[in-house]
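Indexing begins at 1, ligand by ligand and atom by atom, following the structure's order.
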Amino acid sequence: MTNAAIVDLRSDTVTRPSAAMYQAMREAPVGDDVYGEDETVNRLEASAAQLLGKQAGLFLSSATQANLAAMLTHNARGEEVLLGDCYHIFESEAGGTSALGGIIMHPLATDAAGGLSPAQVLAAIKQDDPHLPITRTLALENTVAGQVQDPLQHRRLAEAVREQGIRVHLDGARLMNAAVALALPAAEIVAPFDSVMLCLSKGLGAPVGAVLCGSDAFIARARRLRKMLGGGMRQAGVLAACGLYALENNIERLAQDHATAGRLAAGLAQIDGLPVSHETNMVFIEPRAQDLEPLQQHLRRQRVEIGRQSPRIRLVTHLDVDSDGIERAIAAFHSYFR
Ligand SMILES: *Cc1c(COP(=O)(O)O)cnc(C)c1O
């Protein structure tokens with residue numbers, strides 16, 4: 001056991017580049033991307049735009065920076081974005097949209113599956129009144145804590161607000177997990193959106209980066225904002241090569257992560273009194289409060305790492321967790337609860 005690889009279930013961000021990905025980095029033609037001369041970045045941006053059915057793409061250093069650039073592009077100071085109260089832009093990006101953009105975030109209560117309703121969103125759009133900010137954007141997310149969002153509902157939401165002149169952004173950090181789970185082309189899922197962000201360093205397994213896609217005009221403005229945010233990178237092709245490799249090789253295999261998570265959920269569901277839920281590559285468990293710390297310590301001794309959230313702990317599968325690892329994790333949980 002002491003030499004066994006660590007089964008790290010904290011997040012799908014913990015993956016390391018594979019040998020083939022390092023090879024792609026080494027062989028990537030590079031240039032100065034701020035001058036638009038990095039062939040590999042240009043190829044990644046074009047591939048991502050094609051995958052998502054948009055005119056253009058932009059490579060950014062992280063999904064947080066890509067969401068921020070999108071919010072700054074869509075909204076001026078004093079304008080407002082409507083979004084779910086559990087969405088990453090509101091909860092987990094250090095308030096950057098408000099702090100750096102002077103943009104008001106109006107959080108709306110999501111349902112249990114992470115969704116919003118057209119009625120709820122329409123009711124939140126402000127009248128033209130000098131007391132109120134101007135509602136400019138609706139930001140949605142897919143997946144939401146692993147939960148696949150209904151593409152039809154996203155279309156209804158986008159159509160409802162677009163009639164009011166409102167733009168629609170998708171935080172699709174894990175969009176490809178949704179596309180694989182639905183067996184639908186990503187471009188079809190995101191067709192109703194003006195802008196879409198896709199993270200390359202979650203389940204897709206790149207070490208760094210995200211792509212933001214939208215119209216040529218939108219991406220041209222976002223490119224200036226990326227520079228303003230300090231995100232203009234030079235020979236970024238070494239990083240973009242990983243993203244390209246990920247788009248070419250690591251999308252279909254997300255189905256394996258979903259299956260592995262399903263196996264983990266089934267194994268944990270046999271433990272008496274442990275609530276377990278599962279969707280795509282995420283499993284949630286809710287141990288009793290007094291078990292949280294000792295469970296984590298026990299698992300660590302068995303070389304299984306889990307997060308420190310409470311009361312619900314998130315377990316995430318990814319390309320560095322194989323089926324042997326997941327069986328070892330299941331056994332470690334059982335040995336604790338026995
Ligand atoms: C992880 C995540 C992000 C931000 O990604 P970073 O790479 O940490 O910047 C944005 N949105 C969602 C939904 C995420 O899960």
Side-chain angles (χ1 to χ4, degrees), residues 8-17 44 48 52 58-72 74 81 83-101 105 107 110 113-116 137-149 154 168-181 186 189-190 193 195-213 222 225-226 229-231 233 236 239-240 242-243 246 250 254 257-258 261 279-284 307 309 312 314-319:
D8 193 341
L9 301 172
R10 291 173 302 164
S11 176
D12 46 5
T13 55
V14 300
T15 57
R16 314 249 165 93
L44 171 64
L52 302 181
L58 183 67
F59 179 51
L60 295 105
S61 66
S62 70
T64 297
Q65 191 184 53
N67 276 332
L68 178 58
M71 291 302 100
L72 294 174
H74 283 309
V81 52
L83 75 182
D85 58 1
C86 66
Y87 292 175
H88 202 276
I89 294 176
F90 181 63
E91 273 213 315
S92 303
E93 299 185 2
T97 290
S98 299
L100 303 176
M105 290 194 274
T110 55
L116 298 171
T137 305
L138 170 66
L140 300 177
E141 191 173 297
N142 199 4
T143 62
V144 178
Q147 301 171 107
V148 176
Q149 302 299 293
H154 272 185
V168 194
H169 172 72
L170 181 68
D171 176 348
R174 295 190 180 86
L175 170 66
M176 299 319 299
N177 293 84
V180 166
I189 299 172
V190 305
F193 292 88
S195 57
V196 182
M197 190 283 292
L198 175 65
C199 185
L200 299 166
S201 68
K202 296 262 163 87
L204 295 179
V208 171
V211 276
L212 178 65
C213 294
L225 284 156
R226 183 187 67 174
L229 294 171
M233 298 184 284
L239 299 174
C242 298
N250 291 348
L254 290 171
D257 297 344
H258 300 174
E279 204 168 338
T280 62
N281 67 330
M282 292 191 190
V283 176
F284 287 88
Q309 310 93 351
R312 280 198 334 154
R314 187 185 74 165
L315 311 172
V316 190
T317 58
H318 50 75
L319 51 65

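Nearest protein heavy-atom contact of atom 10 (C) of ligand 1 is His88 ND1, 3.2 Å.
At least one side-chain heavy atom of His169 sits less than 4.5 Å from a side-chain heavy atom of Leu212. Here the side chains of Glu93 and His88 are in contact, with some heavy-atom distance below 4.5 Å. Residues Met71 and Met105 fail the side-chain proximity criterion, which asks for heavy atoms closer than 4.5 Å.
Side chain of Asp12 to main chain of Val316: no donor-acceptor pair is present (N/O by atom type, distance under 3.5 Å, no hydrogens or angles).
The shortest separation from a heavy atom of Arg174 to ligand 1 is under 4.0 Å, placing the residue in contact.
Only the side chain of Asn67 comes within contact range of ligand 1, with a heavy atom under 4.0 Å; no backbone atom does. The side chain of Glu141, and not its backbone, has at least one atom closer than 4.0 Å to an atom of ligand 1 (non-hydrogen atoms only; side chain from C-beta on).
Every atom of ligand 1 is numbered from 1 in the order shown, and the set under 4.0 Å from a heavy atom of Asp171 is 10 (C), 11 (N), 12 (C), 13 (C). In the vicinity of Ser62, heavy-atom distances shorter than 4.0 Å reach the ligand 1 atoms 9 (O).
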| task | Tell me, with the steps shown, if Leu140 and Leu116 meet side-chain contact (heavy atoms from CB on, under 4.5 Å). | result | CA-CA 8 Å; Leu140 300 177; Leu116 298 171; 3.9 Å; yes

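Considering both main-chain and side-chain atoms, Lys202 comes within under 3.5 Å of ligand 1 through a nitrogen or oxygen pair. Polar contact check, Thr64 against ligand 1: a nitrogen or oxygen pair lies under 3.5 Å apart.
Counted by atom type alone, His318 and Asp8 present zero donor-acceptor pairs between their side chains at under 3.5 Å.
When every heavy atom of Arg312 is checked against every heavy atom of Gln309, the shortest pair comes out as O-CB, 3.3 Å.
For atom 5 (O) of ligand 1, the candidate residues are Ala173, Ala66, Ala63, Gly146; the nearest heavy-atom contact is made by Ala63.
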